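Below is one structure, written out as structure tokens; the observations come after it.
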Amino acid sequence: MSQQGVTPQSEDYSKWYTDVVLKSNLADYAPVRGCMIIKPYGYELWENIKAELDKRFKATGHQNAYFPLFIPMSFLQKEAEHVEGFSPELAVVTIGGGEKLEEPLVVRPTSETVIGHTFSQWVQSYRDLPLLINQWANVVRWEMRTRLFLRTTEFLWQEGHTAHETYEEAQEETLRMLEIYEDFAVNEAAIPVIKGRKSNQEKFAGADASYTIEGMMGNKWALQMGTSHNLGQNFARVFDIKYLDKKNEQQYCWTTSWGVSTRMVGAIIMAHGDDKGLRLPPRIAPIQVVLVPIYKNEEEKARVMHVVGRVADSLLAVRIRLHVDDREELTPGFKFNDWEMRGVPLRMEIGPKDVTNETIALARRDIPGKEGKQIVPQEGIIATVMRLLNEIQHGMLRQARTFRDANLHEVEDYEGLKRVADDGWALMWHCGTAECERRVQEETKASSRCFPLDLNKEEKPKDARCAVCGKPAQGKAYFARAY
RNA sequence: CGGGGCGUGGCGCAGUCGGCUAGCGCGCUGCGUUUGGGACGCAGAGGUCGUCGGUUCAAGUCCGACCGCCCCGACCA
């Protein structure tokens, strides 16, 4: 790298983001436009995200399976809204083995259709329900403009697909998975999120209702970090997913789908990163602790490395993800900066003084400068590290929440919305109509994010009117600049 | 697709009133000295100047076309 560090956020947030992704070794541009190469460090982060989500899916009775990458074009065309929504961004295969194909194959942009087709064969009776399936896969959407992790032509994700006997069960599932996403975001990624329902305009093509978790990024823009859809009987009808109920009558199933993608990595970068680079929450960080040995000569090296080895072994033994940076050609100072840029939550230094005093120097990534440093005894280091990692995890969530809450504003009218539109999120009564949302987006660049579930529980006042157009309000909605 | 910027060793750039062996910083290799907040010295390796065509005694430099990338807007997890 020619220059050290990353572009400051205040100078150019978007440049900062790209710098962080490239310089912290998460990913790189690929030779194909809009595609990326996820490097080992970035992939390990994704694997940790994946493991935590997968654990939660299994715990709620879901099973993993795998469906094909290629989908017959005719499948997509069965659901009118679905095909209309996706056709502009499809990659289509027309030649196979040198021969023009009878029917073009779509590279999956999502799998509702193939899975719908399959479900129709798997489901016969109410005894087969609920059917709870998830798949980890790559998908392709031909986007006009791409950004590393946030929107790439090909991305990795998880898509859950379920079928149920009743609308209520499907709705329950839809919200259960939304809560799992929230739980992951808050407790693993340390990002507070707002759960809400998408407006008609923003919902998934083919869904009856879409739900979202929205997170606030460092520039106060919103990012949809996960979605969950109640698909009603839309896909059941076109793919003939039917079951025989207890009264021996044929019924259409109620289906759901839900997904989280590698975009989550982008969320983590932008919700926590600072001018020094990445900051990773300990629970999902590929490296939780980096240990930098310090010595001047062979004699010191021998003494230091002896202690380094002992400390490293003890931490590794209790599954702490520790990395010893024993590169000889770099100075400790360089390593400190390097690992800070790469977001490692906790740094340990062991030098001659520590060998003599039986201590270890620690530096927290979440607290900059001297404040975040301390010298601790080698004795009891496991407990110390575990405690600190836990504190860092909670500290990061607290910081993100304080920032987020400081930038949420309730507004009474359109003027109020305009005032906060490019510097935070605006909560207001909203009619939910397409015209209104289009107007707001054109005039303020802010788009409707969601009707937050928590804030729309109570009966709304009879005279609640849209803050922008004055028509009867559907509920309270957040508007914000969004990725 | 519209607006803006840019293509020169791995990365960041200079060189562009045409002129001789195409430079600089970082990185890389070797050796030595260094090492508690981005070390230093010496010796090296590495470039069909985005592509194609034109003008010229001579093109990184001028002209034309094309290709690609990045940023800002219209579609989306």
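Each chain gets a letter, A, B and so on, in the order its sequence line appears, and its residues count up from 1. Treat the numbers as computed from the prediction; the structure is a model and nothing was measured.
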Of the listed nucleotides [options], the one nearest the side chain of [X]:
| X | options | result |
| --- | --- | --- |
| Y295(A) | G73(B), U35(B), C76(B) | U35(B) |
| K276(A) | G36(B), C75(B), G37(B) | G37(B) |
| E349(A) | G37(B), G36(B), C71(B) | G36(B) |
| K353(A) | A77(B), C76(B), G36(B) | G36(B) |
| M144(A) | A77(B), U35(B), A74(B) | A74(B) |
| F334(A) | A39(B), C69(B), A77(B) | A39(B) |
| A363(A) | G38(B), G37(B), A77(B) | G37(B) |

Span that lies between the [atom1] atom of [M] and that of [N], in whole angstrom:
| N | M | atom1 | value |
| --- | --- | --- | --- |
| C70(B) | C31(B) | P | 40 Å |
| A65(B) | G30(B) | C1' | 47 Å |
| G68(B) | U29(B) | C1' | 32 Å |
| C66(B) | C76(B) | P | 31 Å |
| C75(B) | C63(B) | C1' | 39 Å |
| C17(B) | C11(B) | P | 27 Å |
| C20(B) | G15(B) | P | 16 Å |
| G9(B) | U61(B) | P | 15 Å |

* Asked: Under 4.0 Å between a side-chain N or O of R108(A) and OP1 or OP2 of A77(B)?
  -> no

* Asked: May F336(A) be described as stacking on the base of G38(B), applying a 5.5 Å centroid limit and a 30° limit on plane angle?
  -> no

* **Min side-chain heavy-atom separation V289(A)-R347(A) under 4.5 Å** =>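 They are not in contact (no side-chain heavy atoms under 4.5 Å apart), so the answer is no.
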
* Asked: With a 4.5 Å limit on heavy-atom distance, are the side chains of F155(A) and R263(A) in contact?
  ->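 No, their side chains stay 4.5 Å or more apart.
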
[X] has an atom [atom1]; how far is it from atom [atom2] of [N], in whole Å?
| X | N | atom1 | atom2 | value |
| --- | --- | --- | --- | --- |
| H82(A) | A77(B) | NE2 | P | 12 Å |
| E329(A) | G38(B) | CD | C1' | 14 Å |
| K445(A) | A74(B) | NZ | P | 7 Å |
| I294(A) | A39(B) | CD1 | P | 13 Å |
| L150(A) | C76(B) | CG | C1' | 12 Å |
| K335(A) | U35(B) | NZ | C1' | 9 Å |
| F204(A) | C75(B) | CZ | P | 19 Å |
| Q201(A) | C76(B) | CD | C1' | 15 Å |

* Asked: Taking 4.0 angstrom as the limit, do K301(A) and E328(A) come out as a salt bridge?
  -> yes

* Run the salt-bridge test on E52(A) and R56(A) with the 4.0 Å N-O cut-off and return the result as yes or no. =>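 Between R56(A) and E52(A) there is a salt bridge, with a charged N closer than 4.0 Å to a carboxylate O.
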
* Structure fact -> On RNA chain B, more 5' by nearest nucleotide between R151(A) and N337(A) is N337(A)

* First encountered from the 5' end of RNA chain B, between R347(A) and T153(A) -> R347(A)

* Step through it carefully: locate the ring centre of Y211(A), locate the ring centre of F204(A), and say whether they are under 6.0 Å apart. =>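 No, they do not, as the ring centres are separated by 6.0 Å or more.
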
* To do: Give a yes or no on whether the ring-centroid distance for F235(A) and H82(A) is below 6.0 angstrom.
  =>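 They qualify: ring centres under 6.0 Å apart.
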
Side-chain donor or acceptor of [X] under 3.5 Å from a matching atom on the base of [N]?
| X | N | result |
| --- | --- | --- |
| T331(A) | A39(B) | no |
| D354(A) | G36(B) | yes |
| K373(A) | G37(B) | yes |

* Candidate pair T162(A) and T256(A), rule side chain to side chain donor-acceptor pair (under 3.5 Å), full reasoning -> CA-CA 5 Å; T162(A) 69; T256(A) 79; 2.5 Å; yes

Describe the nucleic acid contact of [X] in one word from base, sugar-phosphate, nothing, applying a heavy-atom distance below 4.0 Å.
| X | result |
| --- | --- |
| Y483(A) | nothing |
| G351(A) | base |
| S228(A) | nothing |
| E300(A) | nothing |
| S14(A) | sugar-phosphate |

* Check the side chains of S111(A) and Q135(A) for a donor-acceptor pair under 3.5 angstrom, ignoring hydrogens and angles. =>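 S111(A) and Q135(A) do have a side-chain donor-acceptor pair below 3.5 Å.
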
* Asked: Are S447(A) and R449(A) close enough that a side-chain donor and a side-chain acceptor fall under 3.5 Å?
  ->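 Result is yes, a qualifying pair exists.
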
* Determine which bases of RNA chain B form Watson-Crick or G-U wobble pairs with both distances under 3.5 Å, and write the result as a 5' to 3' dot-bracket string with | for other-strand partners. => ((((((((.[[[[.)...(...]]]].((((((.....)))))).....[[[[[..)....]]]]])))))))....

* Measure up the W221(A) and Y483(A) rings against each other and bin them: parallel (under 30°), tilted (30 to 60°), perpendicular (over 60°). =>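 Judged by the thresholds at 30° and 60°, the geometry between W221(A) and Y483(A) is tilted.
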
